[in-house]
Amino acid sequence: MTEAHAQLLVGIWPFLVPEMILAGVACIVFLGGTVRADRHLWAGVSLLGYVAALVALHLGPATTTPADPALAHAALLPVLFDPLTKLLQALGFLTGILFVLLSWNEVDDRQAADWHACLLILVAGIGLTAAANDLVVLFLALEMVSIPTYVMLYVPRENAAAQEAALKYFLLSVFSSALVVFGFSYLYGIAGQTNLTLILEALNAPETSARDIPLLATVALITIVAGLGFRLKAAPFHFYAPDVFQGGPTVMAALLAWVHKATGFVALLRVLGFVMPPHVQPREFIGVALSEQTPIVFWFLAVITMTWGNALALVQDNLKRLLAYSTVAHAGYMLITLATAPYLRHEAGAVDGVEALLYYLIAYGAMTVGAFAMLAYLSTPERPVDTIDDLAGLSRSHPALALTMAIFLFSLIGVPLTAGFTGKFLIFFGAMSVEADHAYLFWMLAFIGVVNAAIGGWYYLRLIAVMYLRQPLQPLAPRPNLPGLATLIVCVALTLGLGVPPGSTWLLRHVKGAAGAAETARELARR
Amino acid sequence: MFDVCSYLWLIPALPLLGCIATAALGPRWLRGQSHWPCILGAVGACVLSVLTLIAVPQGAVNADGAPVPYLCSYYEWFRAGDVDVSFALRADGLTAVMLVTVTFIGSLIVIYSVGYMHGDPGYPRYFAVVSLFLFSMTGLVLANNFIVLYAFWEGVGLCSYLLIGYWFSRPSAAAAARKAFLVTRLGDIGLFLGILVLWTETNSLDFDVVLGQAHTLSAEILTIACLLLFAGAVGKSAQFPLHVWLPDAMEGPSPVSALIHAATMVTAGVYLVARCMPLFGQAPDAQLVVAVIGGFTALLAALIALTQTDLKRVLAYSTISQLGYMFLALGSGVEHHRLAALAATAAIFHLVTHAFFKALLFLGAGSVMHAMGDVIDMRRFGGLRKLLPVTHWTFLCGAAALAGFPVIFSGFWSKDEILAVTWEASRGGPHAVIYFVLLVTALGTAGLTAFYTFRAYFMTFWGEQRLPEEAGHHPHDAAPVMGVPLMILAAGAVLAGIVLGPTGLFGGFLEHYWSRSELPTRLQAAEAGGHALNVPLMLISAAVALGGIGLAYVLYVRTPALVGTAARMLGGLYGWSRNKFYLDELFEALFVRPFAGLARLCKTLDQYLVDGLVDLIGQVPAFVGYVMRPFQNGLVQFYALLMALGVAGFLLATMLR
Amino acid sequence: MSPVNLESYLLVGAALFVLGMVGFLTRRNMILIFLSAEMMLQGVALNLVAFARYHGDLGGQVLTLFIVTVAACEAAVALALILMLYRRRKSLDVSLWQELREPNLEPVVDDEPLPAPPPPPELPHLPVAGPKPEEQPHETSHV
Amino acid sequence: MNASALVIGLVALPFAAAIVVALLGAARAGLVRWVSLGAALGGLALAAVVTLQFTAIRGAQPPQKEAAATFAPELVPGADPKAPARTTWNIIEFGNRGAIQFYLGIDGMNIWLIVLTALLMVSAVLVSWNAIQERVNEYYAWLLALGAALSGVFLAFDIILFYVFFELTLVPLFFLIGIWGGPERRHAARKFFIFTFAGSVITLLGLLALVVVCHQKSPDRTLTFSIPELVRQVNHHLLLSAGADRAFWDATQFWVFFALFTGFAVKVPLFPVHTWLPLAHVEAPTAGSVLLAGVLLKLGSYGFLRLVLPLTPDACITYGVDVVGTLAVIGILYGALCALAQDDVKKLVAYSSISHLGFCMLGMFALNAPGLTGSLLQMINHGLSTGALFLIVGMLYERYHTRHMTDYGGIGAKLRILTLCMVVTCLSSAGLPGLNGFVGEALVLFGAFLKRPELAFIASAGILLGAWYLLSMLRQMFFGTLQEPAHEGHEVRDLDAREVCALAPLLVLFVILGVYPKPVIDTARPDLEIVAKILRNRPGMTGAPTVAQQGE
């Protein structure tokens, strides 16, 4: 460690203020929870924590831009602050706010403190994942997301189903973590570094490369993809999802569907070099440093995932199970972008794979969290909303809620004017834009994708049909729940707003900026 | 005189205006006076038609000395690529003759209808549609290109449909109307396809261009095109095998039967073939078909007419039979240009005389019906001679004309020309024998015609006086508004033949137009001698006609008991004739049932097979879902195993590659 | 350390990892399953240490330390969870927890049930002083 | 006000009205109806003004000797001042290489479909006046939204915008069928949605493939989603390509054709994928059926005309004539036969649609000027006739609450005006000359006969079958002895003023278009000639020399 390096290490503290705030508030809430059991209090406190973190993020130093020579070595630090990090951190903190609102009335007074404290840690984990530039940090950040999840899965509910969900998630999560770190260990072995920048540098260096030790590289690739695939809910690593979604609290289902998927994708982007530190030059394409076969792996993973998810979602009657399979299917669509991203050099494709991924991820977050929030909002202990039939006739009793839900579902189908459409469009357009010898493979991928989208239409539409076209069996009586309503409003606003200009333009600009690191890398590579 | 084009458009436009005025004003304001727009339109059109008839011979001639028709293009209907259709009208000899016939008879019938339809609740509707018919019919004969012709052709079909179904609450009328429309439309498809073939070959739709290029077409194309066009004529003019609609069409009011289903619309097929004579004349094979169909239809219809007891049906079959004669004449116009011109002239001449006497007969039958309280079954009345004197005498004139009573009556002259043409055709050419057989058939048919015509006449007007209950206590003869048209028509029926025929007025007028420029061609080579009266043939036909009338007199006036004996003697033939040779049943079994069955089959197929298959494809994803369901068995270790297998699978696949 | 040696370390690490995985898949006792997972982590740790030594870089060892730490964390959560689950089913058999599965599927029943658990050990008696604690109903208990 | 703003108004007005109506609430049903009617009439007025503007612009342009290379829409909102046929309004920008644009415009191919949509909207609003009594505000909101989306499809000149509107039509109709439909409405609505959705996502891929290929082949790597520009580029490449490039284009065209075909064929609908249509028609409320048959089905054929023919000309020549032509002819006969066997009058009309659209497709894939013109006319005519048929059937249903033909008999004696309208409409539908159906059908047959005489030959049987089922229906229901279906309490009255207002414009148009279709044909000619010219310029397009000789 050089002197300059040490200086830089000291200099990164300002960047970490938001996470520190969150951790601090978490400690306060943990401790305070032993004194007072009041869900409003602790939700309010953690809300303040998120707001403070957001403010700190906003006021904090700008990103470590590659143009700044003083920070030329910033990329060697264990944490990296590029536009992608900033975007994801902001998103993470917003997610935190959203989930506080969503869970405000869902968690008992007694468990509220624990719950909110865990959520704070989890969100801090998101921020750290986004920033991680070192295997150690990344591993820790991922575990910061995982471990609170175990607790949160069984804290709010004490029935057998919740416990079973927690057990399944816990065991399989540990299993997948082991897979990820196994991959990390080989990655480390190949590069001799834990720093991701250096690893990518080494992998992309012309003289030495992973291709000299194909076995290690391949094993690393597969185990990392498999382990993180658990978080993405990519088939065949998704099996826990339906059971856990069904058994666990609705809020947790939303959390797993969006936050864990997002962290998984971010980790993949970082580790496999889809988004590279500014000065690292990809030897050929992005994302294929470990193995030439990365796109093929993602190709198959995407196909299996979306097909499996959609086929099984078709036969579901339980709402949360259905949404769990839908989240699997959507993971499949998103994986298309990773399969295509290596080929979408900017001058070739009109749309970058990473951009499409980030866009879709955010759009998906809005609509899926919205859908789960709706289920949570409608459910009462006396009249739970479990099966599709429970939604019958919602449009008659609660037209506004039904319309909101319909918007989420239409967005999940991918009907225009919603964020889901724009996202799917970018994904499929990306897949069609691939310009390579075997471009037809990606056209085929897009074809399988749209066929799946059409299949997906069937079961989402079934929900809409139930809400609109059937008479209510037993009227739902959602309790007045202001925070829950706020969640819905935010989600529906995002779902619609991000689907059409100016919202879509705005988001596209930001995800372009976030993927900018990669773009810069390619600019350099061309020179 | 005025320029022909300046008033030619008024000939169809006046009835159209009449139609619009009646339709718009009739139900609310005119009510019982709804006939005025229609009469004014018809009479106006008639006057203008006569003007046209006068103007046509004064028209220009071209270098060859052939007359040039007046061509008046009014506006472009539609145009796309090479399909260029203008609302163009033409006035030449043929058109003028047709126009005068149509509008004159039309006017009379419209006037007659005032009395006949009096008090009917649908009075305005009747006159509106009749006006529309006159519009369509005049348009049809005025059309200068095939598409406009086709349009009006369909238009008259529509009017026929509406008028047959005029009393639409009668199920039989509704059924007859549909049948008429559909059967004629079957022929119309042929016409349209024929037009398509001609258009593809000549790139034009105008009569002059298409007919002028006829000699450039190959024989096969010509034959196909002619046969397709003829299919249209067969449908519209009720020739075998599409004649089945016409007898049923008698469900309409009698004036309609007179106007549309005897005098004008059904002759449109004859007009079409005559108009296309330059094509037909050069397609001997097609001509043979035309002649054979015509001759056969004439015979068949005459045979059926022998035993019908419904007065109007007898007349309907006689119409079919007479139209058959016309086609026989047209079909005989082969071999050389002179004969073709003769044939067309003969056919059109018969068309004109037939229009007079058949309209007369139908109106007479209508008058009988009117008096008998809408009963038309001849078995239920008789001896009406004294009761309905005007009707009786006029009917007799018509019957004599139809029977071809020698020398005076018009039918004799026109029929004779047809026989003469057929005789000419049988004197040479590859199909001479067939034409001779047709000639014999035609002669025989003439006898049958005389017989059944007078059978109907005797059954209705002779014998002891019998009245059906529906007639009420005081059946009265035709009122003047009905009687005067009857008398005018009767005069026409008697005199038209002898005035126009042997004097050569008609032939001279019309043949002038079948000039070389219209019939250029391969036919010119053989120039036949002039048209002279064929005295032996005339004698034979006169004898046959008189024989038929005599037989009818014997059977139905002198010794009515013989009828039963004769029927028994003929046995099966009588039954076949009585049942119209079971053709309706045959059609039912051959076409209607199979198509209905096919339709039901399609419906079932669509409901179960096609929809089922499509739904089945839709079920595939769900089926996949069911198949994959057992993987989700709830065992956490099984999930872990699948994950591990997934890793192993991907590892293997990646490494083996 | 020579490369040959590195390979043997890696082999041992991989073997540990796979053994742990096999244990994870085959054991039915929840605690043993968790321990098997820990064994997988140990395989990873061995890899990391070997690589660290090979590359002369401390990063791997740092990661190992963190893995151990995290494993300890997880163990704490795991044991709390397992304890709770045990209270409900009175068994550590993981296959008892298969209520959440696709509807219409029969539960998977093992042909060979686990041997009956040993009788609960006698709890030590309370000291004479102090009140006797009330029996807590299981349903309301949480970690 | 700028005339191009009116073009936006065609989409925006019904859409805004839909929102207003939805917010009015179900309680104020009367107000909701009047606002909807106002919006529909406003839309019609807008369409009329736009038509006048457009014809004025077209009239002012000097007639061109040679057909243009690509579409040049007029009245483009946000037009680029340098090139008035392009827009500057971007929706999604892809760097500086190109953008998805909000590109609307009017040309001869869509102007009359726009007018048709606006007109049928008025009828649809009127016919729902009393028939819809529950959830009135939602109903009219969806109806108006449907109108907006339909106009949008026709107006769009950006390929993605086209697709967006194309998809958006599904949502309102799904609700219209599903909520206010007949007993099987849920099944019908879902089947309709999924069928057409599944087809159209594949269409999207085809569209994207084309965009991408053009992008990759363009020398300056620009990216365009503009339909006119794509047409220009594709044909530019096609004319120049040779050798391996040629093979590439052939393959690309095949796949793109296949993808577009999948979506549009479902929408048209062509023979084996038509089964959603009878179901949807029968179950939809009257206004839904009217718009479905009148306008929505045209989206498929319009898609073929606007996108498939000019963008994949070679594939159309190689596969289109055989495949689509054959399917169209099968559809003509099969639809007619199925209609013949129906007892449900709405189903009869639905199957007749299949038959009529078969003519439309047959004409289009004759690939020559008469065929294309006939096809476009057939679209408009079918919209009018079938729209009117559904209106009348709906009015009958409102009176007697049955659609079984055998329940009826001799209604003509009782409901005279209705019967008159029905007879005229049936005749129009049966293609009687003088009414609108004839010119289109005739031109289709002319075009088809030029290309494939045998197909035209077989198709002509459809003319007879068409008359057969329609007249049988007339005979069964309206003629013969009076037999009214059971109806309780109320006296059945003939059409009232509102219903006549809904029907009369259509009937008047039957006659006008039947006698004087020239304005429509003349307006569309330059644009259809563009398509015809593209097809004419392709090798392998022998046997159709006559298209070239467009009468000057």
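Each chain gets a letter, A, B and so on, in the order the sequences are listed, and its residues count up from 1. This is a predicted model, so every value here is computed, not measured.
In this structure, chain A has no heavy atom under 4.5 Å from any part of C:Ala45. Contact annotation for C:Ile67: both backbone and side-chain heavy atoms come within less than 4.5 Å of a heavy atom of chain A. Proximity to chain C (any heavy atom under 4.5 Å) is restricted, for A:Leu140, to the side chain, taken from C-beta onward. For A:Glu164, the parts sitting under 4.5 Å from any heavy atom of chain C are the backbone and the side chain alike. When heavy atoms are compared at a cutoff of 4.5 Å, A:Tyr240 does not approach chain C at all. Using a 4.5 Å cut-off between heavy atoms, A:Leu312 contacts chain C through its side chain alone, with no backbone atom that close.
In this structure, A:Phe175 and C:Phe24 have tilted ring planes: the angle between them lies in the 30° to 60° band. A:Tyr169 and A:Phe230 have tilted rings, their planes meeting at an angle from 30° to 60° on a 0 to 90° scale. Using cut-offs of 30° and 60° for the angle between ring planes, the A:Phe182 and A:Tyr186 rings count as tilted.
Between chain A and the residues C:Arg89, C:Met40, C:Glu74, the largest count of heavy-atom pairs under 4.5 Å involves C:Glu74. In terms of non-hydrogen atom pairs under 4.5 Å with chain A, the most contact-rich of C:Ala78, C:Pro103, C:Gly43 is C:Ala78. Between chain C and the residues A:Gly192, A:Gly183, A:Gly247, the largest count of heavy-atom pairs under 4.5 Å involves A:Gly192. Comparing A:Ala166, A:Pro242, A:Ala160 by heavy-atom pairs within less than 4.5 Å of chain C, the highest count is held by A:Ala160.
Counting only distance, with no hydrogens or angles, the side chain of A:Thr34 and the backbone of A:Phe30 share no donor-acceptor pair below 3.5 Å.
A:Arg270 and A:Asp134 are not joined by a salt bridge, as no carboxylate oxygen comes within less than 4.0 angstrom of a charged side-chain nitrogen. At a threshold of 4.0 Å, the pair A:Glu106-A:Arg39 does not count as salt-bridged, since none of the basic side-chain nitrogens sits closer than that to a carboxylate oxygen.
For C:Phe34 and A:Phe170, the distance between ring centers is under 6.0 angstrom.
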